[in-house]
Amino acid sequence: MSAPGMVRAAAWVVQRDLRLATRRPAQVLQPLAFFAVVTLLFPLGYTPELAKLRAIAPGVLWVAALLASMLALESLFREDAEDGTLEQFVVSGQPLTILLLAKTATHWLLTGLPLTLMAPLVGGALGVPFAALGGILSALVLGTISLSLIGAVGAGLTLASRRGGVLLSLLTLPLAVPVLIFGARATELAIAGDSLTGPLYLLGAVAVLGITLAPLAAAAAVRIGLE
Amino acid sequence: MDWTWFHKFGSPPHVYRLAGVLTPWFAWPAALLILGALYGGLVLAPPDYQQGDGFRIIYVHAPSAWLAVMIYAVMATAAGVGLIWRMKVAHAVAASCAGVGAWFTVVSLLTGMLWGKPMWGTYWVWDPRLTAQLILLFLYLGFMGLRASIDDLSRADRASAVLALVGVVNLPIIRYSVEWWNSIHQAPSVMKMDRPSMPFDMLAPLLAMLLGFTLYFGAVLLIRLRAEILRRERNASWIREELT
Amino acid sequence: MTPRQRRLTLVVGILVGVSAAVALAVRAMNENVMFFFDPTQVAAGEAPIDKRFRLGGMVRPGTVVREPGALEMSFVVTDFQKDVPVKYSGIVPDLFRENQGVVAHGRLGADGTFVADEILAKHDENYMPPEVARAIKEKHGGVMPVNPDVRSVPRT
Amino acid sequence: MSDFFSMGGYALFLWPAYAVTLLAIVVNVYTARRDLQSARMEARRRLSAGSPGDPGRGQS
């Protein structure tokens with residue numbers, strides 16, 4: 001095993017997952033559609049008044065992003081565990097941590113990143129001013145990275161269990177609460193036109209901590225789940 | 001260094017017997033301390049200059065909050081030991097902790113609400129300290145839910161151990177939230193660097209309660225642990241000697 | 001990489017990651033994440049106008065005015081440097097009294113008056129019997145010091 | 001005595017707080033002991049089922 005070999009293996013994992021995703025576009029599009037539909041329900045179900053929508057926009061955006069990113073988690077490891085791909089990872093000689101980090105990165109590329117890019121559209125419908133978008137986008141980028149990482153731990157832990165769905169949310173949501181709080185706070189500040197560096201630093205701290213520790217925990221969980 | 005003592009703790013029959021012997025040594029002092037502290041806290045301690053008799057809720061709130069956090073620390077430590085040294089008894093300890101921990105987390109939240117309403121003016125604020133304690137409850141529930149959903153005991157042990165370790169990040173947040181943020185929750189009165197901010201006749205019942213609750217948890221843990229070991233070792237030969 | 005090197009890389013990686021996260025969190029702590037302002041900050045114009053935030057401080061003695069027969073009241077929140085007048089309509093908690101810590105949720109008007117929609121009383125970690133509190137107050141000329149020394153005062 | 005129970009007007013908050021705590025203390029001891037009892041019973045049942053030579057032993 002060598003460092004370049006590791007990088008090549010990780011890149012291969014990313015490519016493979018992206019290729020698989022293009023073959024099953026519905027699976028990729030579902031969480032994004034969910035995100036759009038949930039946020040757009042609020043102008044219809046709550047009030048079309050932009051001033052009122054703007055007040056709840058931070059919470060709506062982040063809760064919808066959290067739930068949407070969780071929708072895509074179920075399939076993160078389960079299919080690969082069933083068809084033996086994860087077994088291959090374990091015996092490949094490459095560190096499982098890195099391979100799972102690559103898988104998580106792909107999950108983010110396919111859900112977190114598109115969610116972030118949809119924010120201007122969805123935010124506009126909720127009355128978010130154009131000037132706030134820069135701040136909201138940076139908060140969403142950092143926040144969705146953390147959500148993918150936390151979700152990877154949850155998805156790994158539920159591999160061994162009979163029923164994934166509800167349990168996955170029970171495990172993942174409490175760990176995701178800080179992301180939700182800091183993300184919504186950053187969005188609130190951005191909409192109000194204030195400096196949002198404070199919550200952005202906190203989102204960054206969560207993301208860095210997640211990148212450091214979550215792949216280790218996910219690897220331990222996947223090993224247990226595969227036995 | 002002699003590691004036999006450590007290996008002894010990996011032996012289920014030894015731990016089963018030891019737990020049986022130790023239980024009364026935890027249970028009786030706990031009962032005496034809690035009863036004494038109850039009298040001291042409700043009768044002997046003077047009312048507070050600001051909160052009057054209402055401050056006496058501290059004698060149930062602080063010990064249960066302490067237990068909620070301490071039990072999680074014990075659980076995560078045991079889970080880590082079980083994971084690293086593949087020690088079945090340690091996993092049994094972790095499994096025995098979760099239920100008690102969840103109970104006392106609920107108690108700390110409820111007693112806190114009952115204290116907050118008359119003093120702060122609200123049952124609940126979304127304050128860092130309170131929110132972190134609520135997350136602690138969800139972590140306990142997640143731990144138990146994960147265990148319950150995995151049929152194979154060994155996998156359930158190790159998967160839940162990973163979760164317990166991941167959840168440890170919540171503990172420093174609970175401990176230091178009142179210092180990091182402008183929390184409405186008071187700073188610690190007893191567990192602080194310099195001396196406690198209480199006169200002796202208020203402090204003594206509180207310390208007795210804290211120690212009493214800790215010993216009480218020790219007794220409950222030992223009983224639960226014995227049940228857990230019995231169920232895990234159902235086919236071992238030592239059980240025959242033990243039960244006949 | 002040998003297993004030994006691998007372990008070393010892992011440990012170094014964790015250390016770097018965790019310290020980076022802690023550094024970011026510490027930087028964040030220097031910002032006002034929780035929307036909490038004291039009267040000095042309000043006087044310096046740091047607090048936003050007409051946006052909900054939390055104002056914390058002490059209730060200045062002799063400033064609590066209640067409208068007879070109504071829930072309206074006003075008082076002054078101070079941090080012993082600057083004062084902010086507060087208006088509130090509603091029921092206050094038991095611990096709300098003069099010289100007592102208070103956290104007010106509400107908005108700052110353009111005239112410098114803070115209109116609160118929620119008043120929470122904050123108490124510190126000090127507990128003592130009333131007679132000790134009285135003795136400490138006498139010693140300090142009628143004012144409770146910020147961190148009263150409970151033990152130096154003899155019980156009466 | 002009624003002074004004691006009124007707790008300076010805080011009875012409505014103080015006594016429920018103590019009651020909840022007491023409930024938790026009692027319930028946890030009770031469930032732990034019941035748990036151990038049932039684990040013991042089950043182990044005994046297994047033992048007697050596995051060794052027909054001494055049926056009913058350990059049913060003390």
Side-chain angles (χ1 to χ4, degrees), chain A residues 59 77 81 96-97 100 146 149-182 184-185 188 198-199 201-202 205-210 212-227, chain B residues 72 76 79-80 82-84 86 91 98 101-102 105 109 125-174 176-177 180-183:
Chain A
F77 295 144
L96 185 59
T97 318
L100 294 186
S146 307
L149 288 160
I150 295 166
V153 180
L157 285 173
T158 46
L159 264 189
S161 88
R162 282 169 271 122
R163 43 193 156 78
V166 183
L167 186 67
L168 182 61
S169 349
L170 180 63
L171 299 185
T172 315
L173 288 176
L175 295 171
V177 164
V179 179
L180 190 70
I181 292 176
F182 302 144
R185 172 69 33 97
E188 203 181 323
Y201 278 130
L202 285 174
V206 176
V208 170
L209 198 67
T212 315
L213 300 179
L216 292 170
V222 164
R223 270 182 218 280
I224 295 161
L226 283 181
E227 275 168 31
Chain B
Y72 195 92
L83 212 54
I84 294 169
R86 299 196 158 249
H91 282 305
T105 312
L109 288 169
V125 269
W126 287 102
D127 176 274
R129 165 64 70 88
L130 280 65
T131 311
Q133 190 79 359
L134 189 63
I135 293 177
L136 184 68
L137 176 62
F138 292 144
L139 287 174
Y140 277 124
L141 296 181
F143 181 88
M144 293 191 284
L146 186 61
R147 292 192 64 84
S149 78
I150 303 177
D151 293 325
D152 179 54
L153 185 62
S154 153
R155 286 164 89 191
D157 277 343
R158 283 172 294 144
S160 59
V162 172
L163 180 67
L165 289 176
V166 170
V168 167
V169 289
N170 192 32
L171 293 188
I173 297 179
I174 297 181
Y176 293 106
S177 48
W180 289 343
W181 291 287
N182 275 303
S183 172

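What you see is a predicted model, and the numbers here were worked out from it, not measured in a lab. Keep in mind that the numbers below use all heavy atoms, side chains included, and drop hydrogens, waters and symmetry copies. Residue numbers begin at 1 in each chain, while the letters A, B, ... track the order of the sequences.
Considering only heavy-atom pairs separated by less than 4.5 Å from chain A, the leading option among B:V166, B:D151, B:L141 is B:D151. If you tally non-hydrogen atom pairs under 4.5 Å between each of A:L170, A:V153, A:L173 and chain B, the highest count goes to A:L170.
There is no contact between A:L216 and chain B, counting heavy-atom distances below 4.5 Å. For B:A132, no part lies under 4.5 angstrom from a heavy atom of chain A. Looking at A:L157, the atoms closer than 4.5 Å to chain B (heavy atoms on both sides) sit in the backbone and in the side chain alike. Using a 4.5 Å cut-off between heavy atoms, A:I150 makes no contact with chain B at all.
No donor-acceptor distance shorter than 3.5 angstrom exists from the side chain of B:R158 to the backbone of B:L83, with no hydrogens or angles considered. With hydrogens and angles disregarded, no donor-acceptor distance shorter than 3.5 Å links the side chain of A:R185 to the backbone of A:P199. Between the B:R147 side chain and the B:S160 main chain, no donor and acceptor come within less than 3.5 Å of each other. No donor-acceptor distance shorter than 3.5 angstrom exists from the side chain of B:Y72 to the backbone of B:A102, with no hydrogens or angles considered.
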Full working for side-chain contact (heavy atoms from CB on, under 4.5 Å) between A:F77 and A:T158: CA-CA 10 Å; A:F77 295 144; A:T158 46; over 6 Å; no

